[in-house]
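Everything below concerns the one structure shown next.
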Amino acid sequence: MLPPIIRILAGGLLLVLGLTAQAREADIDALSAKLKGIQTYSARFEQTIYDQDRRIVQSTQGELLAARPGKLRWSAEAPFAQLIVVDGVQIWRYERDLAQVVVSAYSDDLGGTPALLLSGDVSSIAARYRVTRGGDRFVLTPRDPDSLFRQMQVEFRGRKLTRLELLDSLGQTTVLVLKRIRLNPTLDPALFSFTPPPGVDVLRDE
């Protein structure tokens with residue numbers, strides 16, 4: 001399965017009651033402005049998944065690269081090596097331990113893949129989420145009652161996205177902490193293309 005931050009991937013402490021329509025629009029505009037300032041992005045990540053009782057289910061770390069439009073590279077290390085490459089047309093998920101690649105169609109759907117906030121279409125945020133703001137922290141609540149997650153928190157330090165926290169529909173929480181951030185670096189386009197290694201099984205996720 002894809003990591004929750006990619007799958008529900010794909011993420012409310014700051015939920016404010018009684019906001020006026022103008023205030024809600026201002027919060028969406030503020031988030032959109034920050035995201036639009038990210039054209040390319042590079043960071044180390046630490047991801048921790050907690051169960052309903054706040055016990056750690058899984059921890060992993062690795063590297064995250066993103067570029068608009070629609071490019072993403074997620075390289076997870078220990079304990080389970082995994083590479084996910086989004087090339088704007090397809091999503092390639094390479095499980096090294098299983099010698100297996102799963103290919104699925106790409107959709108520029110921020111509701112489905114919160115990590116694609118870094119590479120997807122920012123203009124769709126207002127249609128998909130209710131947004132509330134507290135300083136540099138934003139809480140996004142899906143408008144779709146059938147969404148796979150209940151709430152996502154997005155935190156910035158200045159112009160840099162530094163943290164995502166996602167509460168899914170099963171009560172699990174995924175926390176993604178981003179470090180060693182480079183904002184708008186020059187990234188080799190080859191980083192966002194993938195060719196299956198010889199000898200691995202290639203499966204199509206229809």
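It should be emphasised that the depicted structure is a prediction, and the values quoted were computed from it without experimental measurement.
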### Message
Can you give me the closest heavy-atom contact between Ala30 and Arg133, atom names plus distance?
### Response
CB-NH1, 3.3 Å
### Query
What's the shortest heavy-atom distance between Ala105 and Ile91, and which atoms?
O-CD1, 4.1 Å
### Summary
Partner of Val175 under side-chain contact (heavy atoms from CB on, under 4.5 Å), picked from Glu46, Arg163, Gln47, Gln153, is Arg163
## Note on the structure
Sorted by chain and residue number, the salt bridge (Lys or Arg N to Asp or Glu O under 4.0 Å) partners of Arg54 (sequence neighbours excluded) come out as none
### Task
Apply side chain to side chain contact (heavy atoms under 4.5 Å, CB included) to Lys179 and Gln61, showing your working.
CA-CA 11 Å; Lys179 301 179 178 180; Gln61 59 184 2; over 6 Å; no
### Query
Salt-bridged, Arg130 to Asp27, with N to O below 4.0 Å?
no
### Message
Quick check for you: to the nearest 0.5 Å, what is the distance between Ile181 atom CD1 and Thr162 atom OG1?
### Response
6.0 Å
### N/O donor-acceptor pair under 3.5 Å between Gln39 side chain and Lys36 backbone
yes
### Query
Same cluster for Val102 and Tyr94 if Ile/Leu/Val/Met/Phe/Trp/Tyr side chains link at under 4.5 Å?
no
### Query
Glu95 and Asp97: side chain to side chain contact (heavy atoms under 4.5 Å, CB included), yes or no, with the steps?
CA-CA 6 Å; Glu95 307 281 356; Asp97 294 342; over 6 Å; no
### Task
Would you check if the side chain of Asp136 reaches a backbone N or O of Arg159 as a donor-acceptor pair within less than 3.5 Å?
no
### Query
If you take all heavy atoms of Leu176 and Trp74, which pair is closest and at what distance?
CD1-CH2, 3.7 Å
### Message
Is the shortest side-chain heavy-atom distance between Leu140 and Leu31 below 4.5 Å?
### Response
yes
### Message
Looking at Arg143, I want to see if its CZ is surrounded by more than 12 non-hydrogen atoms of other residues, nucleotides or ligands under 6.0 Å.
### Response
yes
### Summary
All heavy atoms of Ile84 vs all of Arg93, minimum pair found to be CG1-CG, 4.0 Å
### Approximate separation, where rounding is to 0.5 Å, of Thr173 OG1 and Arg150 CZ
8.5 Å
### Task
Could you walk me through whether Val101 and Trp92 pass the side chain to side chain contact (heavy atoms under 4.5 Å, CB included) test, one step at a time?
CA-CA 7 Å; Val101 176; Trp92 301 84; 3.8 Å; yes
### Query
If you round to the nearest 0.5 Å, how far is CG of Leu64 from CZ of Phe45?
7.0 Å
#### Entry: Worked check of side chain to side chain contact (heavy atoms under 4.5 Å, CB included) between Val103 and Leu203
CA-CA 6 Å; Val103 188; Leu203 307 176; over 6 Å; no
#### Entry: Thr174 side chain vs Leu166 backbone, donor-acceptor pair below 3.5 Å
no
## Note on the structure
Taken to the nearest 0.5 Å, the spacing of Ser75 OG from Leu83 CG works out to 5.5 Å
### Query
Between the side chain of Lys34 and the main-chain N/O of Gly158, is any donor-acceptor distance below 3.5 Å?
yes
Determine all donor-acceptor pairs shorter than 3.5 Å in which one atom belongs to a side chain in residues 186-202; sequence neighbours excluded.
{"from": "Asp188", "atom 1": "OD1", "to": "Ala190", "atom 2": "N", "distance (Å)": "2.9"}

### 4.5 Å side-chain heavy-atom contact, Gln172 and Ile49
yes
### Message
For a quick test of reading the model, state the closest non-hydrogen atom pair linking Leu35 to Arg68 and the distance between them.
### Response
O-NH2, 2.9 Å
### Query
Say you draw a straight line from CG of Leu178 to CZ of Phe156; how long is it, rounded to the nearest 0.5 Å?
10.5 Å
### Message
For Leu170, give me all partners under side chain to side chain contact (heavy atoms under 4.5 Å, CB included), at least two apart in sequence or on another chain.
### Response
Asp168
## Note on the structure
Distance col, row Leu65:CG vs Leu72:CG, nearest 0.5 angstrom, shows 8.0 Å
### Message
Minimum heavy-atom separation for Tyr129 and Met152, please, with both atom names.
### Response
OH-CE, 3.8 Å
### Message
With a 3.5 Å distance limit and no angle check, can you tell me whether Asp144 reaches the backbone of Asp146 through a side-chain donor-acceptor pair?
### Response
yes
### Crowding at CZ, Arg44 (>12 non-hydrogen neighbours, <6.0 Å)
yes
